[in-house]
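Sequence lines set the chain letters: A, B, ... in the order given, protein chains first and strands last, and positions in each chain run from 1. Values below: all heavy atoms of this structure, side chains included; hydrogens, waters and symmetry mates excluded.
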Protein chains: 2
Amino acid sequence: MMTPNWILQRAGLTPDRVAISWGDQRWTFREMADRAMDIARKMRGNGLKEGDRVALLAAGGPDTVFLIHGGLLAGFELVLLNSRLTRAELAYQIQDSEAKVVFTDDALLDLAPDSMAVSRLLSGEEEDFQPAELWEEDRTLTIMYTSGTTGFPKGVRQTAGNHLSSAIASALNMGLQDGDVWLCAMPLFHISGFSILSRSLIYGMTVRLQTKFDAEASAEEIADGGVTRMSAVAAQLVRVLDILESRNQRASDSFQQILAGGGPVPSPYIRRAEALGIQILQTYGMTETSSQTATLSAEDALRKSGSSGKPLFFNRIRIDGAEKPGDEGEILISGPHVTPGYIGRFSDSPAQVDGWLHTGDIGRLDDEGFLYVLDRRSDLIISGGENIYPAEIEQVLAGHPSVAEVGVAGVEDKRWGQVPAAFVVARDAVPSEDLEVFCRERLAPYKVPKHYQFVSELPRNASNKLLRRELKTMLEQQE
Amino acid sequence: MMTPNWILQRAGLTPDRVAISWGDQRWTFREMADRAMDIARKMRGNGLKEGDRVALLAAGGPDTVFLIHGGLLAGFELVLLNSRLTRAELAYQIQDSEAKVVFTDDALLDLAPDSMAVSRLLSGEEEDFQPAELWEEDRTLTIMYTSGTTGFPKGVRQTAGNHLSSAIASALNMGLQDGDVWLCAMPLFHISGFSILSRSLIYGMTVRLQTKFDAEASAEEIADGGVTRMSAVAAQLVRVLDILESRNQRASDSFQQILAGGGPVPSPYIRRAEALGIQILQTYGMTETSSQTATLSAEDALRKSGSSGKPLFFNRIRIDGAEKPGDEGEILISGPHVTPGYIGRFSDSPAQVDGWLHTGDIGRLDDEGFLYVLDRRSDLIISGGENIYPAEIEQVLAGHPSVAEVGVAGVEDKRWGQVPAAFVVARDAVPSEDLEVFCRERLAPYKVPKHYQFVSELPRNASNKLLRRELKTMLEQQE
């Protein structure tokens, strides 16, 4: 199956509609396509050709959008690198992806020393080429790294068909209106941010862009009607609610919904949002499913509190081994939004078994078909919407000379939902500050444990497997 | 590619939402699916199996919806027969389609004597079977006959993927809201009506059903907010406008748009509609494209008067041989909504050449990419939204013993837009009433010529091809 090149088709259909608004600047779909074509020609001027894999390391904002769209027009598989990672983490992903070139914002060059600065790209040679009029639906548009259970991040392929079906299923569930403006305060290298760009192209919808999440500005635009939809994690949502409440403001009548992902939204937030005229749609999604798989509608938000809702129209959800509603088991997902697989080190690991993605997450479906996610895969820690895998942190700390054994688990945190905590069996006395410095050099800041607790042994089962859930209990008992 | 069984998926996702409203009766998606499953079991009780081709001849209304959905759940290829045709026309289509069974409303049994009455179906045996959970996108869901240029109607395959992409592209263009209700006064055996049923399942949207177009009721529901969208042809539209104007009523604020197909809508109608708060979206579509290919947005309706707009998001339109904007030529269409081909007598005629449907219609694209349809294929006559092919009528009249030669063309008509007129070279003197009776026995009423004009010879070109466009001039000169 083919789909028209979204960027060109959209520029042809609604050339004068605003695509991106940022601060007090605006770009129409035609202007955005023109800028992206300029960049595409310059990218191709570096001897790159259609189908090449190219990485982008960029800070966000409209220039990042143009860079991404340029790469798509140039016909590349785009590895979208997370600018919050450390140099070592990035080096691993760049090497694993075998990207031919990394284009990096000048300000981020320290993080990826062997890459090409965007300023150099823009002042370089052009190749005059005709962008493809059609995209194969199984063409890989983007690759995003997600932390794996083994501690090695996995590069997830996301095809045109994945993003397309995700955007459409979202519209069938949330609706779509003339004049919709989606507030994007999410990183564009994340599926939460990139999926807003896809929707913009496919719907012909304006994106109101924030380079970094700005709670004040978000609250203001929700109140004054500048935006109609927003994506947020619980930690962002509550800051927006705080501000609106403290100012005695409500959402504008034209405001529709906040799509809330990256972990559960506590019921009190939903009630507070409702009182301000804001509908909260809780969703369950992941990098492997190019955003939402299931979303809870606003009308069911309180009745089905704690649920992530029902699958979107194209998708199916099954609980592995469940014989009746309510049975718990691994959550399996099927649909056109599920990744065909991984690249690099994990290119031989199948993403689907008989058409089903095995998420590793544990959940149940109730008798009406609502999904409840009980436990994220492999003790995943979700901190302010970012996924953190304990195994990755454990691997780093195990490299410290004073650490004999280490286990990491997520513990509750008022602001971030969860933060990582490290439980260490020490070889010799070592101050926790040393361990923190050691981590800080090797891990993105959000992955660095906020608590370090020294223990005599780690809880393990008969086959010596670390029982991470019991780690949490150890901390809770001590506090 | 697979898509979840729309009927079951929708009943699972939004079981309690109203699917069909008719008079003062309502059926939810769950109730509709249950009724359709009952019918499916009874259909299968007749020894039919998945993949069988089955024809339906039904009068419209909710029972027809359940019958259609029953046939889809049973896994059949459904030949949707036009209940306005004559017995002879139906006999041709039934025979050409090789349908294993024809299920016919009891009241229509005269039209298809060899078929099984729905009352007999419903009192018959059941087969307990599991409906498919997934549909292949290339599965043929429906077959609709469209008059061909040769005078033999052609059975057009419409796949799940055709209907799905059509419904989605329509939503991306028109928008989609909670509480949408689409008024369906179109025949369900036509793509104009059936496509509303598809949208209902895919969007989770209520259909307000009229068994036959009722101008009074339509106007009332547009005014009182009972419906938010409607499909109409120009002849229906103007009657609705007349009524609203005569009552000094406007469309309710919640009313969105009228999708106007089946030929151009005169600009004065658009202005009158606008004054009543009604947006008119003019569209260009056909049976082979499962409804809309291009649609003119309301904001462009007057600026681009006479245009059918731009292609919907998944589609492309080309003018054969055009070198620059404005050049005229045959309209070619590409997209996932284009039929894979025909059945029966025309099963070997390719529907697409290199991925493009050759419509036979003549048009041009202006410099902004707006489509203008200049002449419908093969002098197609569009009368009240129904397609009439001159060749089909000519073939009938040529069978009359007193007719030596005959040409048919569409002439302007206040109520219907166009009506067919016959130009006859007589072998011997024959009253036009005789010709009319002859036609009435063999052709659906709307195809019977409204004018009969005796001429000494027909306009033909050098290679003796009938010049139908010159026929019109002959009539206009005489009047």
Side-chain angles (χ1 to χ4, degrees), chain A residues 1-6 8-17 133-134 137-138 161 164-165 167-180 199 201-205 256-257 279 294-295 297-300 309-318 334-336 355 365 368-370, chain B residues 1-6 8-17 133-134 137-138 161 164-165 167-180 199 201-205 256-257 279 294-295 297-300 309-318 334-336 355 365 368-370:
Chain A
M1 293 286 289
M2 311 285 273
T3 172
N5 177 327
W6 304 339
L8 301 183
Q9 179 80 344
R10 181 48 64 196
L13 295 182
T14 53
D16 301 326
R17 224 181 261 174
E133 214 178 316
L134 293 174
E137 288 196 8
D138 61 5
L164 181 65
S165 59
I168 292 168
S170 177
L172 293 180
N173 189 51
M174 296 177 66
L176 191 61
Q177 297 183 359
D178 262 12
D180 266 339
R199 290 182 204 120
L201 292 170
I202 293 163
Y203 306 168
M205 174 185 74
Q256 303 280 322
Q257 301 132 339
Q279 293 192 335
T295 300
S297 63
E299 66 201 79
D300 294 317
K310 291 188 179 184
L312 300 194
F313 190 73
F314 301 132
N315 313 340
R316 290 179 304 153
I317 295 177
R318 238 173 50 192
S334 175
L365 292 168
E368 293 180 70
F370 286 83
Chain B
M1 293 286 288
M2 310 286 271
T3 172
N5 177 327
W6 304 341
L8 299 185
Q9 179 80 343
R10 180 48 65 195
L13 295 182
T14 53
D16 302 326
R17 225 181 260 174
E133 214 179 316
L134 293 173
E137 287 196 10
D138 61 4
L164 182 65
S165 60
I168 293 169
S170 176
L172 292 179
N173 188 52
M174 296 177 67
L176 191 61
Q177 297 183 0
D178 261 10
D180 266 340
R199 290 183 204 120
L201 291 172
I202 293 163
Y203 305 167
M205 175 185 73
Q256 303 281 322
Q257 302 132 337
Q279 293 192 336
T295 300
S297 62
E299 67 202 79
D300 294 318
K310 292 188 177 184
L312 299 194
F313 191 73
F314 302 131
N315 312 340
R316 290 180 304 153
I317 295 176
R318 239 172 50 193
S334 174
L365 292 167
E368 293 180 71
F370 286 84

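Proximity to chain B is limited to the side chain of A:Glu133, based on heavy atoms less than 4.5 angstrom apart. Proximity to chain B (any heavy atom under 4.5 Å) is shown, for A:Leu13, by both the backbone and the side chain. With a 4.5 angstrom heavy-atom cutoff, B:Leu172 touches chain A via backbone and side-chain atoms both. Only the backbone of A:Leu312 comes within contact range of chain B, with heavy atoms under 4.5 Å apart.
Contact check for B:Lys310 versus B:Asp300: no side-chain heavy atoms found under the 4.5 Å cut-off. No side-chain heavy atom of A:Phe313 sits less than 4.5 Å from a side-chain heavy atom of A:Asn173.
Atom-to-atom distance recorded for B:Tyr203:OH and B:Arg17:CZ is 13.5 Å, nearest 0.5 angstrom. A:Arg10 CZ to A:Ile202 CD1: the interatomic distance, rounded to the nearest 0.5 Å, is 9.0 Å. To the nearest 0.5 angstrom, B:Asn5 atom CG is 8.5 Å from B:Leu134 atom CG.
Chosen from A:Met205, A:Met2, A:Met174, A:Gln177, the residue pairing most often with chain B at heavy-atom distances under 4.5 Å is A:Gln177. For chain B, the option among A:Leu164, A:Asp180, A:Asn315, A:Asp178 with the highest count of heavy-atom pairs below 4.5 Å is A:Asn315. Interface summary for chain B: among A:Pro336, A:Gly369, A:Pro311, the most heavy-atom pairs under 4.5 angstrom belong to A:Pro311.
In the displayed structure, B:Glu368 atom CD is contacted under 6.0 Å by more than 12 heavy atoms of other residues, nucleotides or ligands.
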